[in-house]
**Student:** 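Below you'll find the structure I mean.
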Amino acid sequence: LQVDIELKKHDFLFGVSMSQSWALFELPHFERYRHYMGELFNGVTLGFWWNQMEWKQGQLRRVAHTESNLKWAKSRGMTLKGVPLLWHIALPKWLDRINDPDEVDRLIADRIRHLVKTYPDVNMWGAYNEAVGALRPHMKDNTVVRWLTRKGGPAAAQVWVLKTAQATVSGKRYINSHYNHKDPAFKKLNRELIATGAQFDAIGIQTHMHTRAKTLDERQLWDLLEEYAVFGKPLQLTEVTVVSSKPFEGWRDASPHNRAIQNARGKERLALARRSKPELEQYQASYIMDFYTLAFSHPAVEAITYWSG
């Protein structure tokens, strides 16, 4: 008796972020881009940024490229992840005029409930994104930063977000993510969440390697995974970036460029993009192959998401 077995879908999540695909949306080659993404990946991360979804208070809108990508990914049976339920960046301007604590509570809760109820096909959510980053010296004061402080800090704020979402819709998975794996505050946050019995499903670690200083070698990547595996939660490498343009040396070198990108609008951002170099594309392909092979081999890792935009 001959039995043929064919793998239809990998249980491991090989994801791609399409949260910034506005840059390609409605261009002639967008469908070709999406075709390649669908052939390579089995999951999609979608961005639900508050400042894009609610320009005016109470007037919620659906963002065209997000809705299109969601429909496309759903049609292919891909795992859907949404980010973020809350973040202290990418906020609507009107929110900073709200000072009443009870009103801020209501607005944040309304946003969370709206997301998890309006998008039932999204299987997992990034909860409060980069919660410990709200208290960094470079972070400008705003309504959500003040809200987090009133709640008692990153752990208390994350628990509030998780409980609000879970009380609204059950059966979803929630990720606690941060941009700097070396940050002792992020390790402290995970310890506090686990100690208090907070219901979250995975630890998300970002690895944006736009600079030489942030680029991980094999030992550094493995040590990173080992350091976070001790928490006993599955690990997700939620935002992997490897550039094929000339990398910056360090954060100080990259900061002026990042500020220019943030202040630009629409196609102005594309004009500021650093150009890809053929020789670095070869390096990028080789590095990504080694990075994925090593990360996939670690028993704690359940997902890798490439942050292509």
Side-chain angles (χ1 to χ4, degrees), residues 7-26 30-54 60-87 90 111-130 158 161-162 164-177 199-206 233-241 292 295-296 301-309:
L7 178 66
K8 291 292 187 181
K9 184 178 180 180
H10 210 296
D11 186 56
F12 189 93
L13 179 60
F14 292 101
V16 61
S17 168
M18 300 183 77
S19 63
Q20 296 173 333
S21 64
W22 55 266
L24 299 175
F25 189 59
E26 294 184 338
F30 181 64
E31 288 306 326
R32 184 172 63 171
Y33 157 79
R34 237 179 359 194
H35 169 76
Y36 290 142
M37 296 300 101
E39 289 294 302
L40 190 59
F41 299 103
N42 63 7
V44 168
T45 295
L46 302 167
F48 295 91
W49 316 114
W50 198 347
N51 63 339
Q52 292 182 2
M53 298 183 69
E54 196 172 0
L60 294 165
R61 60 186 291 269
R62 291 178 180 261
V63 180
H65 72 267
T66 301
E67 298 295 325
S68 176
N69 287 333
L70 188 153
K71 182 179 179 181
W72 168 82
K74 182 182 174 183
S75 73
R76 297 185 63 96
M78 302 174 82
T79 298
L80 298 174
K81 178 183 177 182
V83 295
L85 289 179
L86 184 64
W87 194 22
R111 167 177 163 77
I112 294 169
R113 292 177 186 129
H114 170 76
L115 289 176
V116 296
K117 290 171 68 176
T118 304
Y119 298 98
D121 296 310
V122 175
N123 313 88
M124 66 180 75
W125 287 95
Y128 187 141
N129 186 46
E130 304 171 357
Q158 188 69 287
V161 169
L162 290 166
T164 301
Q166 290 157 350
T168 305
V169 176
S170 61
K172 302 295 182 183
R173 304 189 74 231
Y174 296 95
I175 318 303
N176 175 44
S177 182
Q199 299 300 305
F200 71 106
D201 299 282
I203 295 172
I205 302 167
Q206 300 174 22
K233 293 280 186 181
L235 304 181
Q236 295 193 7
L237 295 169
T238 53
E239 301 183 23
V240 179
T241 304
Y292 270 66
F296 180 80
V301 178
E302 67 172 13
I304 307 172
T305 296
Y306 195 77
W307 203 257
S308 85

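Computation of the quantities below employed the complete heavy-atom set of this structure, encompassing side-chain atoms and omitting hydrogens, waters and symmetry-equivalent molecules. This is a predicted model, so every value here is computed, not measured.
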**Student:** Which atoms form the tightest heavy-atom contact between I112 and L85, and what is the distance?
**Tutor:** CG1-O, 4.1 Å
**Student:** Looking at R76, I want to see if its CZ is surrounded by more than 12 non-hydrogen atoms of other residues, nucleotides or ligands under 6.0 Å.
**Tutor:** yes
**Student:** Can you name the side chain to side chain donor-acceptor pair (under 3.5 Å) partners of R111, sequence neighbours left out?
**Tutor:** none
**Student:** Got Q52 and H65 here, is their nearest side-chain heavy-atom distance under 4.5 Å?
**Tutor:** yes
**Student:** Closest heavy-atom contact between G43 and M78?
**Tutor:** N-CE, 3.8 Å
**Student:** When rounded to the nearest 0.5 angstrom, what is the spacing between CG in N129 and CG in L86?
**Tutor:** 9.0 Å
**Student:** Kindly write out the residues that satisfy salt bridge (Lys or Arg N to Asp or Glu O under 4.0 Å) with K74, not counting sequence neighbours, or none if the list is empty.
**Tutor:** D121
**Student:** Are W50 and W87 close enough that their ring centers fall under 6.0 Å?
**Tutor:** no
**Student:** Return the minimal non-hydrogen interatomic distance between A295 and I304, and the atom names on each side.
**Tutor:** CB-CD1, 3.7 Å
**Student:** Assess whether side-chain contact (heavy atoms from CB on, under 4.5 Å) is satisfied between M53 and L115, documenting all intermediate values.
**Tutor:** CA-CA 10 Å; M53 298 183 69; L115 289 176; 3.8 Å; yes
**Student:** As an exercise, state the distance from CH2 of W22 to OG1 of T66, rounded to the nearest 0.5 Å.
**Tutor:** 12.5 Å
**Student:** What I'd like to find out is whether the side chain of T79 reaches to under 4.5 Å of the side chain of V44, using heavy atoms alone.
**Tutor:** no
**Student:** Could you tell me which non-hydrogen atom of V116 sits nearest to which non-hydrogen atom of Y174, and how far apart they are?
**Tutor:** CG1-OH, 4.1 Å
**Student:** Check the surroundings of atom NZ in K9: do more than 12 heavy atoms from other residues, nucleotides or ligands lie under 6.0 Å from it?
**Tutor:** yes
**Student:** For residues K172 and M124, determine if any side-chain heavy atom of one lies less than 4.5 Å from a side-chain heavy atom of the other.
**Tutor:** no
**Student:** Decide yes or no for L237 and E302: does some side-chain heavy atom of the first lie under 4.5 Å from some side-chain heavy atom of the second?
**Tutor:** no
**Student:** Side chain to side chain donor-acceptor pair (under 3.5 Å), that's the test. Do R34 and N69 meet it? Break it down for me.
**Tutor:** CA-CA 9 Å; R34 237 179 359 194; N69 287 333; 2.9 Å; yes
**Student:** Quick one: pull up CD in E31 and CH2 in W72 and give me the separation to the nearest 0.5 Å.
**Tutor:** 9.0 Å
**Student:** A side-chain contact here means heavy atoms from C-beta on lying under 4.5 Å apart; do Y306 and E239 qualify?
**Tutor:** no
**Student:** Suppose we call two aromatic rings close when their centres sit under 6.0 Å apart. Are H10 and F296 close by that rule?
**Tutor:** yes
**Student:** If you look at every heavy atom in S19 and G47, which pair is closest and at what distance?
**Tutor:** CB-N, 3.4 Å
**Student:** Measuring from atom CG of D201 to atom NZ of K233, what distance do you get when rounded to the nearest 0.5 angstrom?
**Tutor:** 6.5 Å
**Student:** To the nearest 0.5 angstrom, please state how far the CH2 atom of W307 sits from the OG1 atom of T241.
**Tutor:** 8.0 Å
**Student:** Report yes if the distance between the aromatic ring centroids of F30 and F25 is under 6.0 Å, otherwise no.
**Tutor:** yes
**Student:** Please lay out, stage by stage, how K81 and R173 fare under the test side-chain contact (heavy atoms from CB on, under 4.5 Å).
**Tutor:** CA-CA 9 Å; K81 178 183 177 182; R173 304 189 74 231; over 6 Å; no
**Student:** Do any N or O atoms from the side chain of T118 and from the backbone of H114 form a donor-acceptor pair under 3.5 angstrom?
**Tutor:** yes
**Student:** For the residue pair N42 and G15, what are the closest heavy atoms and their distance?
**Tutor:** OD1-N, 4.5 Å
**Student:** Using side-chain heavy atoms (C-beta onward) and a distance below 4.5 Å, is Q236 in contact with V301?
**Tutor:** no
**Student:** Going by heavy atoms in the side chains, are W125 and P84 under 4.5 Å from each other?
**Tutor:** no
**Student:** For residues F48 and Y119, establish whether the separation of their ring centroids is below 6.0 Å.
**Tutor:** yes
**Student:** Does the pair Q166 and Q199 meet the rule for a side chain to side chain donor-acceptor pair (under 3.5 Å), with working shown?
**Tutor:** CA-CA 9 Å; Q166 290 157 350; Q199 299 300 305; over 6 Å; no
**Student:** Do F200 and Q158 make a side-chain contact, defined as non-hydrogen atoms from C-beta onward lying under 4.5 Å apart?
**Tutor:** no
**Student:** Under 6.0 Å from the OH atom of Y36, do we count more than 12 heavy atoms belonging to anything else shown?
**Tutor:** no
**Student:** Is it the case that the side chain of N176 and the backbone of I203 share a donor-acceptor pair, with hydrogens and angles ignored and the cut-off at 3.5 Å?
**Tutor:** no
**Student:** CE of M18 to CG of L46: how many Å apart, nearest 0.5 Å?
**Tutor:** 8.0 Å
**Student:** Evaluate the criterion side chain to side chain donor-acceptor pair (under 3.5 Å) for residue pair T238 and S177; output intermediate values, then yes/no.
**Tutor:** CA-CA 8 Å; T238 53; S177 182; 3.3 Å; yes
